[in-house]
Amino acid sequence: MSAPTRRYEDAVARYFEAWNAGPDAVAKAVAAAWTEDGGYTDPLADVRGHDGIAAVIAAAHEQFPGFSFRLLGPVDGHHDTARFSWELVSDAEEGGAPVAGFDVITLDGEDRIRSVFGFLDRVPAGA
């Protein structure tokens, strides 16, 4: 695996660590993944900074308790930008994923996330 490919995969791994962190660990995981002024934007949220990102993650866990985010397929990247697909799956049972999408991230020179632009491909009715 080339160094540039590892750069994107490592950043995405930290991203999922933040999204899957428990309530006591989410702030630390967000700080490890994002720049201090980093942002997260999707159709349901538009926030900047660690506190805003941690709040979006906490809200997702409140709406979908017992679910985790997982990577679908390879991470693709060039320059300071990467894209990847993901899904939200139940930790307790096999079955479909109620939410799925793909994200585009930009990285700073230290491979921390500056911005995330998320797109939702599948969302349950009423979510």
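We number each residue from 1, following the sequence as shown. We use all heavy atoms of the structure for the numbers below, so side chains are in, but hydrogens, waters and symmetry mates are not. Just so you know, these numbers come straight off a predicted model, no measurement behind them.
- For the atom pair Ile53 CD1 and Ile113 CD1, the distance stands at 8.0 Å (nearest 0.5 Å).
- Closest approach of Val89 and Ala97 over heavy atoms only: CG1-CB, 3.9 Å.
- Residue pairs meeting the salt bridge (charged side-chain N to carboxylate O under 4.0 Å, His left out) criterion with at least one partner in residues 38-57, sequence neighbours excluded, do not occur; the list is empty.
- Residues satisfying the side chain to side chain contact (heavy atoms under 4.5 Å, CB included) test with Thr35, not counting sequence neighbours, are Asp37, Asp108, Arg112, Arg114.
- Listed by first then second residue, pairs satisfying salt bridge (charged side-chain N to carboxylate O under 4.0 Å, His left out) with a partner in residues 71-89 read Arg7-Asp80, Arg70-Glu87, Asp76-Arg83, not counting sequence neighbours.
- Listed by first and then second residue, the ring pair (Phe, Tyr, Trp, His ring centres under 6.0 Å) pairs that reach into residues 24-49 are Tyr15-Trp34, Trp19-Tyr40, sequence neighbours excluded.
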Determine all donor-acceptor pairs shorter than 3.5 Å in which one atom belongs to a side chain in residues 20-29; sequence neighbours excluded.
from: Asn20; atom 1: OD1; to: Phe69; atom 2: N; distance (Å): 2.7
from: Asn20; atom 1: ND2; to: Phe16; atom 2: O; distance (Å): 3.3
from: Asn20; atom 1: ND2; to: Phe69; atom 2: O; distance (Å): 2.8

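- By the side chain to side chain donor-acceptor pair (under 3.5 Å) test, Ser68 pairs with Asp91, sequence neighbours left out.
- Phe117 belongs to a hydrophobic cluster whose remaining members, ordered by chain and number, are Phe102, Val104, Phe119; membership requires side-chain heavy atoms of ILVMFWY residues under 4.5 Å apart, directly or through intermediates.
- Ala45 and Val56 make their closest contact through CB-CG2, 3.9 Å (heavy atoms, listed as atom of the first residue, atom of the second, distance).
- Going from atom CG of Leu107 over to atom NE2 of His79 covers 13.0 Å, rounded to the nearest 0.5 Å.
- Residue pairs satisfying the salt bridge (charged side-chain N to carboxylate O under 4.0 Å, His left out) criterion with at least one member in residues 10-20, sequence neighbours excluded, are listed as follows: Arg6-Asp10.
- When each of Thr81, Val75, Asp111, Ile105 is paired with Tyr8, the side chain to side chain contact (heavy atoms under 4.5 Å, CB included) condition holds for Val75 and for no other.
- Partners of Pro98 by side chain to side chain contact (heavy atoms under 4.5 Å, CB included), not counting sequence neighbours, listed by chain and number: Phe64, Phe67, Pro124.
- Summarising the geometry, atom CG belonging to Leu72 is positioned 9.5 Å from atom CH2 belonging to Trp86; distances are rounded to the nearest 0.5 Å.
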